[in-house]
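Down below is the structure, laid out as structure tokens.
So that the names make sense, note that chain A is the first sequence line, chain B the second, and so on, each numbered from 1.
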Amino acid sequence: AQSVTQLDSHVSVSEGTPVLLRCNYSSSYSPSLFWYVQHPNKGLQLLLKYTSAATLVKGINGFEAEFKKSETSFHLTKPSAHMSDAAEYFCVVSAPNFGNEKLTFGTGTRLTIIP
Amino acid sequence: DTAVSQTPKYLVTQMGNDKSIKCEQNLGHDTMYWYKQDSKKFLKIMFSYNNKELIINETVPNRFSPKSPDKAHLNLHINSLELGDSAVYFCASSQKTSGRAYEQYFGPGTRLTVT
């Protein structure tokens, strides 16, 4: 079984300040982990993925995430928020499912950027 | 050159009707998915097809029937629509490889409203 918990349903930060979106996961297997972003009325776009190689993963638009096995966490960060970062962010865990991968989504974190 | 496309983008219909949503991907992927996103933004997988074969079938009412005529297309037919079917439906695709982390590419979504 696998699950993912996004610890904050809503995060607000001022433009130019750091962003931290928190995610904890649970998986019976060695998981793959993803962050997806969904802008209003749009589909989901992959920000970054963890593939059991480097624990610090860099993604698009200046985002990065660090896989910490001891803490079962995969928090998303960005040094300086931009207005265009306002969106819904989903942490996703993937684990084998009888030879196939099955994604389990977190409940999402809405990021608001204050001008 | 849209990677994953869905039609229609919006669908408004009355209870009891039957409707279909179409999905096409031009990424050459061998696996396709249908997800349902509810009003609280929660995403849940419904079905997955690999090379036209159904591989994931979550607890979904029998009124929902996916059909994959070829590996580039996955359509979703819904019979006897109910108010609770109102949601945004996302199609996605991925390529199954020997490695892990099958990142999925999402379509723009179809907003279904049942009145």
How about Glu15(A): does its CD atom have over 12 heavy atoms from other parts shown lying under 6.0 Å from it?
->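 Yes, because the 6.0 Å sphere around CD of Glu15(A) holds more than 12 heavy atoms from other groups.
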Would you say Asp70(B) has more than 12 foreign heavy atoms packed within less than 6.0 Å of its CG?
->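 Counting other residues, nucleotides and ligands, CG of Asp70(B) exceeds 12 neighbours.
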Which bit of Leu46(A) comes within less than 4.5 Å of chain B, counting heavy atoms only: side chain, backbone, both or neither?
-> side chain
What part of Gln38(A) gets closer than 4.5 Å to chain B, counting heavy atoms only: side chain, backbone, both or neither?
->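 For Gln38(A), side-chain heavy atoms alone lie under 4.5 Å from chain B.
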Donor + acceptor pair across side chains of His77(B), Ser20(B) (<3.5 Å) =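 Result is yes, a qualifying pair exists.
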Ranked by heavy-atom pairs below 4.5 Å to chain A, first place among Phe90(B), Phe42(B), Tyr35(B) goes to Phe90(B)
What's the spacing between [X] [atom1] and [Y] [atom2] if we round to 0.5 Å?
| X | Y | atom1 | atom2 | value |
| --- | --- | --- | --- | --- |
| Leu76(A) | Glu66(A) | CG | CD | 12.0 Å |
| Ser27(A) | Leu33(A) | OG | CG | 8.0 Å |
| Ser5(B) | Lys22(B) | OG | NZ | 11.0 Å |

Charged N-O contact under 4.0 Å between Lys41(B) and Glu88(A) |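 A salt bridge is absent here (no side-chain N lies under 4.0 Å from a carboxylate O).
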Which bit of Gln6(B) comes within less than 4.5 Å of chain A, counting heavy atoms only: side chain, backbone, both or neither?
-> neither
Tyr50(A) ring center near Tyr25(A) ring center (under 6.0 Å) = no
Residues of residues 107-115 of chain B with a heavy atom under 4.5 Å from any heavy atom of chain A, in residue-number order, are Gly107(B), Pro108(B), Arg111(B)
